[in-house]
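The next block holds one structure in the form of structure tokens; read it before the comments.
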Amino acid sequence: MNHEANSSNIKSTVSTAFFAAVIFLGIQSFRIPLPAAVGTPFLHFGHIFVMLAIVCLGAGRSTIAAVLGLIIFDLLNGYIHAIPNVFVSTIIKCMFVGTVFSLLRSKAAGNRQKEYTCAVICAALYGITNIVVDFIWSTAELMILGSSLGAALTAELTSIPATIINAGFTVIGIAILYIPVTTAYRRIMQ
């Protein structure tokens with residue numbers, strides 16, 4: 001392996017680990033509880049940092065960073081029961097949104113304003129995907145635990161506002177942070 005390839009692999013590994021740490025810290029250090037009938041949701045920076053990982057690292061590496069960061073948070077904070085949901089939903093969101101962003105960014109052909117617009121659109125897509133996946137997962141989980149379909153749907157519908165708030169927070173975060181973070185990331189990775 002030549003020196004350039006080795007250096008590139010090290011940068012890739014370090015940047016993936018960096019984003020895993022930032023995702024963890026984004027939840028660990030800033031949490032505002034939100035009301036919900038099911039679960040214990042809270043407003044946090046985690047989804048913003050997952051989305052930044054998606055736009056910087058791409059679908060595959062952002063998935064690794066996000067799964068690591070989010071699961072480490074769950075393990076250290078008593079959310080072990082949430083790990084299957086977090087694991088599956090994070091893979092779905094990162095791979096889906098990462099693929100869409102990659103396609104849109106290639107169509108932007110290096111135009112930073114178009115890339116910015118693509119990132120904000122993908123942040124909204126990430127939020128919508130999170131809402132849908134979380135709703136389906138949590139409804140199924142409640143039914144497995146013995147709730148009727150009606151009771152599970154009602155409980156989840158009352159919990160959706162918390163997920164919507166986090167989705168909106170993610171879009172705002174990406175609108176603010178996309179340009180400075182991706183600019184710094186590109187400089188570092190050169």
Geometric class of the F30/F169 ring pair [parallel <30°, tilted 30-60°, perpendicular >60°]: parallel
Which of parallel (below 30°), tilted (30 to 60°) and perpendicular (above 60°) describes F73 and Y79? parallel
Shared hydrophobic cluster for [X] and [Y] (ILVMFWY, side-chain gaps under 4.5 Å):
{"X": "L153", "Y": "W137", "result": "no"}
{"X": "I144", "Y": "V88", "result": "no"}
{"X": "L103", "Y": "I92", "result": "no"}
{"X": "I172", "Y": "I32", "result": "yes"}
{"X": "V67", "Y": "V14", "result": "no"}

Any chance you could measure [X], atom [atom1], to [Y], atom [atom2], to the nearest 0.5 Å?
{"X": "L75", "Y": "L70", "atom1": "CG", "atom2": "CG", "answer": "11.0 Å"}
{"X": "I131", "Y": "I136", "atom1": "CD1", "atom2": "CD1", "answer": "12.0 Å"}
{"X": "S29", "Y": "H44", "atom1": "OG", "atom2": "NE2", "answer": "11.5 Å"}
{"X": "S15", "Y": "I10", "atom1": "OG", "atom2": "CD1", "answer": "12.0 Å"}
{"X": "I48", "Y": "I23", "atom1": "CD1", "atom2": "CD1", "answer": "11.5 Å"}
{"X": "F24", "Y": "N77", "atom1": "CZ", "atom2": "CG", "answer": "6.5 Å"}

Ring centroid separation F96 to Y126 under 6.0 Å: no
My understanding is that only one of I179, L177, T183 makes a side chain to side chain contact (heavy atoms under 4.5 Å, CB included) with V181; could you say which? L177
If I compare all heavy atoms of [X] with all of [Y], which pair ends up nearest, and what's the gap?
{"X": "A123", "Y": "T170", "value": "CB-O, 4.3 Å"}
{"X": "T16", "Y": "S12", "value": "OG1-O, 2.8 Å"}
{"X": "F49", "Y": "F19", "value": "O-CD2, 4.1 Å"}
{"X": "V133", "Y": "S89", "value": "CG1-CB, 3.5 Å"}
{"X": "C118", "Y": "R105", "value": "SG-N, 4.4 Å"}
{"X": "A119", "Y": "I174", "value": "O-CG2, 3.8 Å"}

Do any N or O atoms from the side chain of [X] and from the backbone of [Y] form a donor-acceptor pair under 3.5 angstrom?
{"X": "T129", "Y": "L125", "result": "yes"}
{"X": "K114", "Y": "L104", "result": "no"}
{"X": "T90", "Y": "F87", "result": "no"}
{"X": "S62", "Y": "G58", "result": "yes"}

Here's a test for you: under side-chain hydrogen bond (donor to acceptor under 3.5 Å, both in side chains), which of T63, N130, D134 qualifies with K93? N130
For F18, is the CZ atom crowded, meaning more than 12 foreign heavy atoms sit under 6.0 Å from it? no
Please say whether more than 12 non-hydrogen atoms of neighbouring residues, nucleotides or ligands are located less than 6.0 Å from CZ in R187. no
